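The analysis underlying the following values was restricted to heavy atoms, covering all of them including side chains, and did not include hydrogens, waters or symmetry mates. The shown structure was predicted, so the numbers you read here are calculated from the model rather than taken from an experiment.
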Amino acid sequence: MCEDQQGGLGRRALFVTGAAAALTLGGVSFASAAGGRPQTRTVRGTLPPGAPDFVYVPVEVPAGVRELKVAYTYDRPSVPAGTTGNALDIGVFDERGTDLGGRGFRGWSGGARTEFFIRADEATPGYLPGPVREGTWHIALGPYTVAPQGLSYEITVTLTYGEPGETFEPVYPPERAKGRGRAWYRGDCHLHSWHSDGRRTPAEIGELARAAGLDFINSSEHNTHAAHAHWADVAGDDLLVMLGEEITTRNGHVVALGTDPGTFVDWRYRARDNRFGRFARQVRRAGGLVVPAHPHATCIGCNWKFGFGEADAIEVWNGPYTPDDEVALADWDSMLVASVRDGRDWIPAMGSSDAHRAPDAVGSPQTVVLADDLTREAVQEGIRAGRSYIAESARLSLSFRASGGRGEHAGIGERLGVGRDTPVTVRLEVAGAPRCTVRFVTDQGVLHTSDPLPVSGAGTVEWRTTPSYAAYVRAELRHEAAAGPLPGPLAAFTNPIFLGRTG
């Protein structure tokens, strides 16, 4: 084995790269392919506390390389309680460079793997197969957290020489499935397979999605689009598979929902860098929706700090219902109140499972969307318009409408255009919610709470109001509270129906 020693950050000249808060270290070189034997180099270094978000290790790749393989380790010293330890993510960019939003991205596994390889015909999940071309590649290190003692790492790079072989040709899933025309379709838009930090294959996720009664799903791996080419065999007449990414920044996560196949969206920025808008626009140019995920999650780097000016929808309910979801729901409701007060557009809510591995339940919760057909475009239009409700499973279904005046009526995400003092009847019909309590929530707060539904789970709840009393009404179904005056956890909730004329 050949070995190159590399010291800490202070031992090599550093220079800022194109990405915000990133540094490039001295790299390693390989000889030509003479003899054809595999060649290995080892790089060692130490990152101090407060290291940049991203550190790049250049690798000079000669011509004639068939496979690039990278393995890495890092130390995990003991730290006091309440102090973060070491966590180091990894990925790679090819000879096209590391420019923010550029074309050089070849894969990212975060902290989910200790090694990866890339060949023309195949690559480790999370990485893009393709030729290993001559030039300067960059191993990207992301020191997610660094212990007070610093983070010492070791990277081993192995190049195997030979003919590259046949280049992988991606096949993507179709953009439509066999729908029922205009109907309610159930979906889960935030899922992880083994192409990022999940443990399930796309095929296993597809099987679980069908068992959960879903009509559509969205591929959303952390910081990579490598899974896009692995869903074609999962899709079918009964399941629409949309493609996207969970853009995982240090200041929050956002789901790119339903982008064009092969779309990569960069994540190497913070809120203070003022770059998120550029990539939100890229998502929309690629036909996708911008959906901030679990905005009040407590994990490091998960709390959303970019604001909601670019959001097409907000993931209010993420996985099993927890206190941070309750905070997200309340925050979203305050945004609805502000939109009514200021006459601004409103942002719909949605829910997804964020399932990674057993026992995470695919389709719990799920977003139920009124769409013109089971196509990418129609489902996205329904989500964007807020014609949707969120349910804990396919066992629960509901119908929510408002009517008044001369026979006018409106459904979820719509507006009932009647006069301020016109009597309005709000009606919720529900099935699959045993012993749940119905609450009607308005811009004035909770104005009606029902008795618990029967053990059959079916029932109808009506309430009468006027637009002057309630500018919007949305419904919540909650399980019985274990004790005390606080409401129980959500079983379902709807986007609002707006009451009254505009202008």
Quick check: closest heavy atoms across [X] and [Y], and the distance to 0.1 Å?
X	Y	value
D324	T322	OD1-OG1, 2.7 Å
V362	A212	O-CB, 3.5 Å
V79	A147	CG1-CB, 3.7 Å
F30	P62	CB-CD, 3.8 Å
P348	D312	CD-O, 3.4 Å
A349	V316	CB-CG2, 3.6 Å

Salt bridge (Lys or Arg N to Asp or Glu O under 4.0 Å) between R384 and E381, intermediate numbers included: CA-CA 5 Å; R384 188 187 296 108; E381 199 279 327; 5.6 Å; no
Heavy-atom distance under 4.5 Å between the side chains of [X] and [Y], does that happen here?
X	Y	answer
T494	E476	no
F54	W267	yes
V132	R66	no
V70	T156	no
I90	I139	yes
M350	C189	yes
T145	N86	no

I'd like to know if the side chain of [X] reaches the main chain of [Y], judged simply by a donor and an acceptor atom lying under 3.5 Å from each other, with no hydrogens or angles considered.
X	Y	result
D75	P77	no
Q380	G287	yes
N495	G413	no
E245	V265	yes
N218	G258	yes
S220	L191	yes
S393	R395	yes
N318	H294	no
T224	G126	yes
N223	T248	yes

Pairs touching residues 326-336 that satisfy side chain to side chain donor-acceptor pair (under 3.5 Å), sequence neighbours left out: H296-D331, Y321-E326, E326-R478, D333-Y472, D333-R474
Selection residues 166-179 - residue pairs positive for side chain to side chain donor-acceptor pair (under 3.5 Å), sequence neighbours left out: E175-R376
Side-chain ion pair, D53 and R268, N-O less than 4.0 Å: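 No, no charged N to carboxylate O under 4.0 Å.
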D273/R275 ion pair, N-O < 4.0 Å: no
Partners meeting ring pair (Phe, Tyr, Trp, His ring centres under 6.0 Å) with H228 (sequence neighbours left out): H225
Those residues that, when tested against W194, pass ring pair (Phe, Tyr, Trp, His ring centres under 6.0 Å) (two or more places apart):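 For W194 there are no ring pair (Phe, Tyr, Trp, His ring centres under 6.0 Å) partners, ignoring immediate neighbours.
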Does any donor atom in the side chain of [X] or [Y] lie under 3.5 Å from an acceptor atom in the other side chain?
X	Y	answer
T46	S152	yes
S388	T367	no
T136	E95	no
H192	E246	yes

Criterion side-chain hydrogen bond (donor to acceptor under 3.5 Å, both in side chains) on H253 and E315, from CA distance to verdict: CA-CA 10 Å; H253 302 184; E315 186 187 76; over 6 Å; no
Pi-cation contact, [Y] with [X] (under 6.0 Å, within 45°):
X	Y	answer
R103	F264	no
R76	Y74	yes
R106	Y127	no

Aromatic ring proximity, centroids under 6.0 angstrom, F279 and Y269: yes
With sequence neighbours left out, what residues match [X] under side chain to side chain contact (heavy atoms under 4.5 Å, CB included)?
X	answer
A112	D197
A232	V171
E377	T375
H230	H195, P202

Enumerate donor-acceptor pairs with a distance under 3.5 Å from any side-chain N or O in residues 297-306 to protein atoms, sequence neighbours excluded.
{"unit_1": "N303", "atom_1": "ND2", "unit_2": "P295", "atom_2": "O", "d": "3.4"}
{"unit_1": "W304", "atom_1": "NE1", "unit_2": "G307", "atom_2": "O", "d": "2.8"}

Candidate list T98, D94, D99, test side chain to side chain donor-acceptor pair (under 3.5 Å), partner R96, passing option: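 The residue from T98, D94, D99 that satisfies side chain to side chain donor-acceptor pair (under 3.5 Å) with R96 turns out to be D94.
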Summary of salt bridge (charged side-chain N to carboxylate O under 4.0 Å, His left out) pairs that have at least one residue in residues 347-363, sequence neighbours excluded: none
Residue pairs involving residues 227-236 (criterion salt bridge (charged side-chain N to carboxylate O under 4.0 Å, His left out); sequence neighbours excluded):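 For residues 227-236: none.
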Qualifying residues under salt bridge (charged side-chain N to carboxylate O under 4.0 Å, His left out), relative to R281, sequence neighbours excluded: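 Once residues adjacent in sequence are excluded, the partners of R281 under the salt bridge (charged side-chain N to carboxylate O under 4.0 Å, His left out) criterion are E310.
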Output the distance between atom [atom1] ([X]) and atom [atom2] ([Y]), rounded to the nearest 0.5 Å.
X	Y	atom1	atom2	value
T40	L159	OG1	CG	8.0 Å
M242	S219	CE	OG	10.5 Å
S193	W231	OG	CH2	5.5 Å
L374	L240	CG	CG	5.0 Å
W317	S353	CH2	OG	12.0 Å

Greater than 12 external heavy atoms within 6.0 Å of E207's CD: no
Candidate pair Y389 and L398, rule side chain to side chain contact (heavy atoms under 4.5 Å, CB included), full reasoning: CA-CA 9 Å; Y389 66 90; L398 60 82; 3.7 Å; yes
